[in-house]
Amino acid sequence: MRGFPKGMLLVLSAPSGAGKTTLARALVEKTPGARFSVSATTRAPRGHEREGVDYFFMEANAFEARAQAGFFAEWAKVHGNCYGSPQSAVDEARREESLAVFDIDVQGGLRLRKRAPDCILVFIMPPSFEELERRLRSRRTDDAKAIARRLEAAQEEIRQGLEFYDYIVVNDEVSKALGRLNSILEAEKCRRSRAIEVWMEEAKNFQPTGG
Ligand code: 5GP
């Protein structure tokens, strides 16, 4: 057992610009037994991104074939491109009793919940809407049209996250947000539904020594 009863699936979603990817990566780095679920996407790589580390980049027809073959635990279209989380990330977490961290959008989180009802849905909020807009505008990789599209998408994403997710974590400072995520994980490990099998087994095998 790696410390995550039954394997745990942690979904982090956020409006673009809330700093979710940084947080997801930092959490995986600092948590023994945690692994980042590397998604597949049909979008082109951005400058610094590496194949198999940030994403598995693929053509639309290859993505489609994988989706048809049941390769993805969930997949969704985001800003005109397809993104999917490999089912193997879920299977591995279950097998190893480890933690799989998914950096995916709200549609993806809600689809994963249908497949894996015990997944933990955490919505990351920026410290304020003003800060969100500032972060989006300061990104060098996007043109004005893309920024406007992301701002609009961000509002819809926030609406859904606030309505359907289990936890809301404000990312004001990475270290503080990480602390909040760790508290959530610790509480989730204690959930009766996760811990019950372990304790039932203990109880069955327990032999009082007498005296
Ligand atoms: P970006 O293109 O900026 O890397 O990601 C765009 C959005 O797609 C982000 O909200 C990101 O979290 C989301 N995303 C990345 N991978 C997946 C995935 O496998 N499934 C879903 N549903 N969304 C994803």
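Start at 1 and go down the list; that is how both ligands and their atoms are numbered.
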At a non-hydrogen distance cut-off of under 4.0 Å, which region of [X] contacts ligand 1 (side chain, backbone, both, or neither)?
X: Glu157; result: neither
X: Arg46; result: side chain
X: Ile104; result: both
X: Arg43; result: side chain
X: Arg111; result: neither

Report task. Flag Gly84 as yes when one of its N or O atoms lies below 3.5 Å from any N or O atom of ligand 1, and as no otherwise. Result -> yes

**Report entry** Glu49-ligand 1 polar pair, N/O distance under 3.5 Å
**Finding:** no

Around [atom], find the nearest protein heavy atom and jot down its residue, atom name and distance.
atom: atom 7 (C) of ligand 1; answer: Val78 CG1, 3.6 Å
atom: atom 9 (C) of ligand 1; answer: Lys20 NZ, 3.6 Å
atom: atom 16 (N) of ligand 1; answer: Ser39 OG, 3.1 Å
atom: atom 20 (N) of ligand 1; answer: Glu74 OE2, 2.7 Å
atom: atom 4 (O) of ligand 1; answer: Tyr55 OH, 2.6 Å
atom: atom 6 (C) of ligand 1; answer: Tyr83 OH, 3.6 Å

Query raised in the report: Going by the atom numbers of ligand 1, which of them fall below 4.0 Å from some non-hydrogen atom of Gly108?
Result: 22 (N)

Query - Numbering as shown, the atoms of ligand 1 that approach Ala76 to under 4.0 Å (heavy-atom distance) - result: 22 (N)

Query raised in the report: Hey, is Ser16 one of the residues with a heavy atom under 4.0 angstrom from ligand 1?
Result: no

Query - Connected hydrophobic set around Phe57, excluding itself, where side chains approach under 4.5 Å - result: Tyr55, Val78, Tyr83

State whether [X] and [Y] are salt-bridged, where the test is any N-O pair (Lys NZ or Arg NE/NH1/NH2 against Asp/Glu carboxylate O) under 4.0 Å.
X: Glu152; Y: Arg149; result: no
X: Glu97; Y: Lys6; result: no
X: Glu133; Y: Arg150; result: no

Report summary line: Rounding to 0.5 Å, atoms CZ (Arg111) and CH2 (Trp75) come to a distance of 7.5 Å

Query raised in the report: Under 4.5 Å between any side-chain heavy atoms of Lys114 and Leu110, yes or no?
Result: no

Query raised in the report: Below 4.5 Å, heavy atoms only, C-beta onward: do Leu112 and Leu121 meet side chain to side chain?
Result: no

Query raised in the report: Can you list every side-chain hydrogen bond (donor to acceptor under 3.5 Å, both in side chains) pair that touches residues 122-131, not counting sequence neighbours?
Result: Glu131-Arg134, Glu131-Arg135

Query raised in the report: Any chance the side chains of Ser13 and Asp105 put a donor and an acceptor closer than 3.5 Å?
Result: no

Query raised in the report: Would you find more than 12 non-hydrogen atoms of other residues, nucleotides or ligands less than 6.0 Å from Gln155 atom CD?
Result: no

Query raised in the report: Nearest to atom 13 (C) of ligand 1 by heavy atom, Thr21, Val38, Asp105: which?
Result: Asp105

Query raised in the report: Taking the six-membered ring for Trp, are Phe72 and Phe63 ring centroids under 6.0 Å apart?
Result: yes

